[in-house]
J.: 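After the structure tokens below, expect a handful of questions from me.
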Amino acid sequence: MTKSKRFKSKLQKAYEIGQLDRFFIDEVHCCSRWCHDVSNDYNYLGILKNKNSLPFLGLTATVPAKIIVDVQKMLDIRGCLILHFSFNRPNLYCPYYEVRRKPNEKEVCLSMMENLMKIRFKKKSRIIYTTTIKDAEDLTTDLRARGLKGREFGKPPNIKPMGQ
């Protein structure tokens with residue numbers, strides 16, 4: 001972001017013509033110096049605030065107070081409203097985790113996953129971790145071909161903006 005003059009110019013233009021009125025930052029805790037396992041690009045999000053003085057909406061889950069304070073400093077946010085909810089989130093409760101060795105043969109692997117989803121975990125939420133987005137997309141296509149429903153990583157559900 002900071003290296004692309006074209007990107008910054010486009011943001012500035014959008015702001016000037018009234019097409020940009022706030023920034024939403026998901027996983028805002030990544031801006032904190034305490035979060036070392038993510039891209040350093042989060043460290044530069046503060047330039048958005050300094051340049052345009054637009055409001056920020058930062059979203060994250062289950063972070064300690066020191067990270068919230070650190071993010072506020074890094075993004076130069078003062079006097080903000082912080083909405084804090086209980087750590088106990090029943091919609092995310094999962095009483096069971098399982099790790100399985102992946103079979104070498106693709107068809108064997110797909111059959112195993114199909115069986116688990118159609119029988120053992122029928123009508124239950126499931127998360128399957130993959131190494132790449134391409135792997136997630138391919139797996140989703142393969143499982144859909146077997147009659148299973150699913151959504152690829154990084155693809156939001158079909159939500160229409162208000163007023164449409």
J.: To the nearest 0.5 Å, tell me how far E114 CD sits from E107 CD.
T.: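 If I round to the nearest 0.5 Å, the distance is 9.5 Å.
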J.: What's the separation between atom CD in E16 and atom CG in L11, rounded to the nearest 0.5 Å?
T.: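 With rounding to 0.5 Å, CD (E16) is 11.0 Å from CG (L11).
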J.: Could you state the interatomic distance from SG (C30) to CE (M74), rounded to the nearest 0.5 Å?
T.: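 Between atom SG of C30 and atom CE of M74 there are 11.0 Å.
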J.: How long is the straight-line distance from CG of L75 back to NZ of K73, given to the nearest 0.5 Å?
T.: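 Interatomic distance, K73 NZ to L75 CG, rounded to 0.5 Å: 13.0 Å.
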J.: Check for me, please, whether L110 and I119 land in the same ILVMFWY cluster - side-chain distances under 4.5 Å, paths through other members count.
T.: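 The answer is no; the residues belong to distinct hydrophobic clusters.
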J.: Give a yes or no on this: more than 12 heavy atoms of other residues, nucleotides or ligands lie within 6.0 Å of atom NZ of K118.
T.: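 Buried by this count: over 12 neighbours within 6.0 Å.
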J.: At what distance, to the nearest 0.5 angstrom, does CG of L143 lie from CG of D138?
T.: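 Output value for this atom pair is 11.0 Å.
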J.: Below 4.5 Å, heavy atoms only, C-beta onward: do M113 and C109 meet side chain to side chain?
T.: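 Result yes, sub-4.5 Å side-chain heavy-atom pair found.
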J.: Hey, could you give me the CG/NZ distance between L139 and K106, rounded to the nearest 0.5 Å?
T.: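 Between L139 CG and K106 NZ, I get 9.0 Å after rounding to 0.5 Å.
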J.: Say whether F121 and M112 are linked into one hydrophobic cluster, either directly or through other cluster members, by side-chain heavy-atom distances under 4.5 angstrom.
T.: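 In one cluster with F121: M112, yes.
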J.: Taking all atoms of both residues into account, what is the closest heavy-atom pair of V71 and H29, and its distance?
T.: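 Taking every non-hydrogen atom into account, CG2-CA, 4.1 Å.
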J.: Checking side chain to side chain contact (heavy atoms under 4.5 Å, CB included) between L59 and each of D26, L83, V28, which is the one that passes?
T.: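 Per the side chain to side chain contact (heavy atoms under 4.5 Å, CB included) rule, the option paired with L59 is D26, out of D26, L83, V28.
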J.: Assigning hydrophobic clusters by single linkage (Ile, Leu, Val, Met, Phe, Trp, Tyr; side-chain heavy-atom cutoff under 4.5 Å), is L20 placed with F7?
T.: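 Result: yes, single cluster for both.
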